[in-house]
Amino acid sequence: MECMLQHHELSAAVRAAIVAAQAAQTLPPFEVPDPVVERPRDATYGDYATAIALQLARPARMAPLKIAEAIAAHIVSPHYLGEINVVPPGFINFRLADEWVQALPARILEADAEFGRIDIGHEGQSAQVECVSANPTGPITLGRTRGGVIGDTLHRVLEAVGYNVTMEYYYNDAGRQITLLGESVKVRYLQQLGRRAKLLDEHYQGDYIIDLAKELIAEHADALVDMPTDAFAEYARDRISQQQKATLARIGIFFDVYFREQSLYESGAVDHTLEALRENGYIYEKDGAQWFRSTDFGDEKDRVVVKADGEPTYRLPDIAYHWDKAQRGFDLVVDIFGPDHHATAPQVLMGVRALGYDSDFVHTLLHQIVNLVRGGEQFKMSTRRGLFVTLDELVDEVGADAIRYFMISRSANSPVDFDLDLAVERSDKNPVYYIQNAHVRCAGIFRKWAEAGLAENADEDADLSLLTHERELAFLRKTLELGDVLEMIATTYEPHRLAFYAYDLAALFHPVYEECRVLHSEVPEPVRLARLRFYRAAKVVFARVLALMGMSAPDVM
RNA sequence: GCCCCCGUAGCUCAAUUGGACAGAGCGUCGGCCUUCUAAGCCGAAUGUUGCAGGUUCGAGCCCUGCCGGGGGCACCA
């Protein structure tokens with residue numbers, strides 16, 4: 001089920017009211033803007049509000065309160081609306097009709113797993129989310145994990161608003177890093193066989209290199225001693241890539257496309273990109289290198305794209321890759337990078353523009369780092385020294401759900417302090433349990449219900465108007481906000497909003513569970529059935545929200 | 001030196017993109033288990049939004065300048 005959001009409908013209704021008031025000459029003529037209708041922070045003001053009258057004070061040259069009254073008098077109220085209030089200094093507040101809120105469980109159950117799906121004009125559009133994009137030279141780190149979880153959550157949200165989403169992973173499968181990887185494995189291989197070989201500073205230090213060497217010995221014994229490092233590199237690259245894929249799958253992240261940098265060389269796209277840039281007049285030679293005139297696009301200095309030794313820098317294939325994205329015609333591309341790429345992202349987009357494309361379809365999402373906290377203290381990681389916690393270890397320790405949640409529990413602009421103790425704590429202090437427990441509690445009611453031998457669909461024709469408890473209604477109002485949250489995320493690319501929403505929703509649920517009993521003898525039968533309907537809907541909403549976050553919705557914990 | 005991010009309650013962070021009295025969690029204090037899981041609920045206290053100006057009917061949010069913290073500034077990726 002797809003639906004239009006209430007705030008858009010109200011915005012249109014307010015706009016129409018302004019036009020009508022002008023026709024009735026209770027408002028003077030002026031250009032009518034699209035009124036912003038939003039949820040007020042303080043729910044006591046109502047469910048929706050607009051400050052349009054305050055904004056119109058100048059063009060209308062009237063007191064805001066008078067404007068608000070003139071508008072309110074002409075609003076054609078949608079069926080779901082209760083009262084409309086005009087409040088000083090000029091806000092117009094809207095309240096949803098209680099009867100309509102009470103009926104929400106029916107809508108939720110009808111929508112089921114599609115609940116929250118909205119049509120905001122992206123239906124059928126294509127989007128690409130590029131994230132993780134780690135080179136196959138080592139285990140997935142926590143920084144990449146954060147990008148992955150942000151990306152995958154975004155992927156789920158973008159689908160909920162109608163996009164066809166491609167999850168894409170770009171990696172460098174050749175070049176110096178891979179050569180070093182091959183050398184590292186060969187050194188470890190020789191060492192394991194008791195031969196003389198020395199690991200250099202620039203080599204990969206992690207124990208996983210030794211593991212790979214051991215694998216090779218198990219399979220080939222010492223038969224590879226005279227093999228070139230290329231063979232080791234190829235083996236390590238493929239194995240690590242495979243392991244990365246398997247690890248990401250453990251936290252529910254899957255990619256549709258693995259894009260190899262090398263393929264851009266094989267297809268000639270890199271050369272082609274350089275030539276196209278040259279034809280457009282953005283390439284010149286200096287000191288034996290080829291330079292991209294990025295200053296034409298606001299860069300502080302021009303950038304080398306082909307080094308004096310004839311090798312391209314990473315920028316050229318990066319630009320070629322984004323040219324490819326442009327040519328594939330995505331309506332939206334979201335590139336997700338960690339703090340180490342903050343400086344380079346704009347240069348790539350300059351390249352895209354130099355090739356004649358508008359780069360507005362690309363949104364670059366930069367996120368901050370992940371710190372690990374144990375026992376209340378932060379510990380620093382270092383990839384070079386092999387001192388890091390891998391995603392695999394983290395999954396073993398705290399599970400996928402906690403990782404998914406905490407990675408989006410902060411705005412991308414803030415660092416995440418991942419508290420390992422909190423992540424496994426089984427209490428209301430741990431938001432993961434707190435949220436999932438809401439779903440567990442709903443499931444528990446239906447389990448008890450079934451155990452009592454009661455009819456499974458007894459609540460089908462329940463009288464929902466019996467849902468009169470203040471807390472029941474507050475919860476139902478909150479479920480309606482899911483669509484707004486998804487719209488906001490799809491507009492701002494800020495998936496942390498989903499984590500906050502899920503928590504807020506749970507915080508409104510638990511008091512209902514405490515106060516609005518179902519199976520107890522003192523609850524009258526019609527109320528019992530209405531509440532059963534309520535909890536059935538609540539269960540659907542929590543399942544949906546957890547699914548959007550890529551988390552499990554357990555029936556028992 | 002230049003660029004990016006951050007600075008909000010004791011701590012960690014939100015704040016619907018410029019709206020109403022700046023909100024949550026943790027921590028602190030006080031209540032609640034013969035009731036569908038207390039893995040929970042109810043209540044209380046807590047602010048010069050780093051500083052100084054500016055724009056606006058209205059600023060945590062926008063502009064300018066400072067101060068402080070983090071990250072980045074390769075013919076590495």
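Order of the sequence lines sets the chain letters (A, B, ...), proteins ahead of strands, with each chain counted from 1. Atom set for the values below is all heavy atoms of this structure, side chains included, hydrogens, waters and symmetry mates excluded. All values reported here derive from a predicted model rather than from experimental measurement.
- C442(A) comes within 4.0 angstrom of no nucleic acid atom, judged by non-hydrogen atoms across all strands.
- Taking side-chain N and O atoms only, K429(A) has a distance below 4.0 Å to OP1 or OP2 of G27(B).
- Pairing for G60(B) is absent, with no Watson-Crick or G-U wobble pair whose two atom distances lie under 3.5 Å.
- Classification of the H510(A)-Y434(A) ring pair by plane angle, with boundaries at 30° and 60°, yields tilted.
- Whole-Å rounding puts the F91(A) CZ to U16(B) C1' distance at 14 Å.
- The glycosidic torsion of U16(B) lies more than 90° away from 0, placing the base in the anti range.
- Counting only heavy atoms from C-beta on, R497(A) has its side chain closest to U16(B) among U16(B), A77(B), C13(B).
- For the pair Y45(A) and T491(A), nearest-nucleotide mapping onto RNA chain B gives the more 5' position to T491(A).
- S411(A) comes within 4.0 angstrom of sugar-phosphate atoms only, judged by non-hydrogen atoms across all strands, and of no base.
- You'll find that the side chain of M488(A) is closest to U17(B), out of A77(B), C36(B), U17(B).
- Note on H7(A): nothing from the nucleic acid sits closer than 4.0 angstrom, heavy atoms only.
- For V36(A), taking side-chain heavy atoms from C-beta onward, the closest of the listed nucleotides U17(B), C5(B), A20(B) is U17(B).
- Among the protein residues, N93(A) comes within range of the nucleic acid bases, having at least one heavy atom under 4.0 Å from a base atom.
- Spacing between atom CD of E38(A) and atom C1' of A15(B) amounts to 12 Å, rounded to whole angstrom units.
- Defined by atom type and a distance below 3.5 Å, a donor-acceptor pair is present between the side-chain atoms of R278(A) and Q290(A).
- Under the 30°/60° scheme for interplanar angles, the aromatic rings of Y258(A) and Y169(A) are found to be tilted.
- In this structure, of C76(B), G19(B), U37(B), it is C76(B) that holds the atom nearest to the side chain of K307(A).
- Residue T344(A) is classed as a base contact, given a heavy-atom separation below 4.0 Å to a base.
- Side-chain N/O atoms of N413(A) include one lying less than 4.0 angstrom from OP1 or OP2 on C6(B).
- Side chains of Y204(A) and Q177(A): a donor on one and an acceptor on the other come within 3.5 Å.
- When heavy atoms are screened at a 4.0 angstrom cut-off, P40(A) is found touching base atoms of the nucleic acid.
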Heavy-atom protein contacts under 4.0 Å, nucleotides 55-62 of chain B, coded B base, S sugar-phosphate only, - none: -SB--B--
Working for side chain to side chain contact (heavy atoms under 4.5 Å, CB included), residues R536(A) and I445(A): CA-CA 9 Å; R536(A) 201 184 286 280; I445(A) 291 172; over 6 Å; no
Can you tabulate the close N/O pairs, meaning under 3.5 Å, that link protein atoms to atoms of nucleotides 41-44 of chain B?
{"residue": "C41(B)", "atom": "OP1", "partner": "Y434(A)", "partner atom": "OH", "Å": "2.5"}

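- No close placement of the Y45(A) and F91(A) rings is indicated, their centers lying 6.0 Å or farther apart.
- Comparing atom distances between the R447(A) side chain and each of U37(B), C75(B), A24(B) picks out U37(B) as nearest.
- Within the 4.0 Å cut-off from OP1 or OP2 of C6(B), not a single side-chain nitrogen or oxygen of H367(A) is found.
- In this structure, H363(A) and Y493(A) have tilted ring planes: the angle between them lies in the 30° to 60° band.
- Note: CD1 (I92(A)) to C1' (G19(B)) measures 14 Å, nearest angstrom.
- The side chain of Y513(A) has C36(B) as its nearest neighbour among A15(B), C36(B), C73(B).
- Y503(A) comes within contact range of the sugar-phosphate backbone alone, with a heavy-atom separation under 4.0 Å but no base atom that close.
- Residue N135(A) is in sugar-phosphate contact alone, with no base atom involved, counting any heavy-atom pair closer than 4.0 Å across all strands shown.
- Checking U55(B) for Watson-Crick or G-U wobble geometry (two distances, each under 3.5 Å) identifies no partner in any strand.
- At the heavy-atom level, A57(A) lies nowhere under 4.0 Å from the strands shown.
- Comparing U37(B), C36(B), C75(B) by their nearest atom to the side chain of R517(A) picks out C36(B).
- Contact between the side-chain N/O atoms of T313(A) and the OP1/OP2 oxygens of C76(B) is not found at any separation under 4.0 Å.
- We find that CZ of F500(A) is positioned 13 Å from P of A24(B), with the value rounded to whole Å.
- Between M557(A) and V306(A), it is M557(A) whose nearest contact on RNA chain B lies nearer the 5' terminus.
- In the model, H7(A) has no side-chain atom that pairs as donor or acceptor with a side-chain atom of E38(A) under 3.5 Å.
- A38(B) atom P lies 17 Å from atom OH of Y433(A), rounded to whole Å.
- At the phosphate of A14(B), OP1 or OP2 sits under 4.0 Å from a side-chain N or O atom of S414(A).
- Counting all heavy atoms, side chain and backbone alike, D299(A) lies closest to Q347(A) at OD2-CG, 3.6 Å.
- Nucleic acid contact for E494(A): base, since at least one base atom lies under 4.0 Å from a heavy atom of the residue.
- Between the base of A22(B) and the side chain of D42(A) there is no donor-acceptor pair shorter than 3.5 Å.
- At a threshold of 4.0 angstrom between heavy atoms, the contacts of V305(A) with the nucleic acid are absent.
- Between Y321(A) and Y170(A), the angle of the ring planes stays under 30°, which puts this pair in the parallel group of the 30/60° scheme.
- Between Y284(A) and W291(A), the angle of the ring planes stays under 30°, which puts this pair in the parallel group of the 30/60° scheme.
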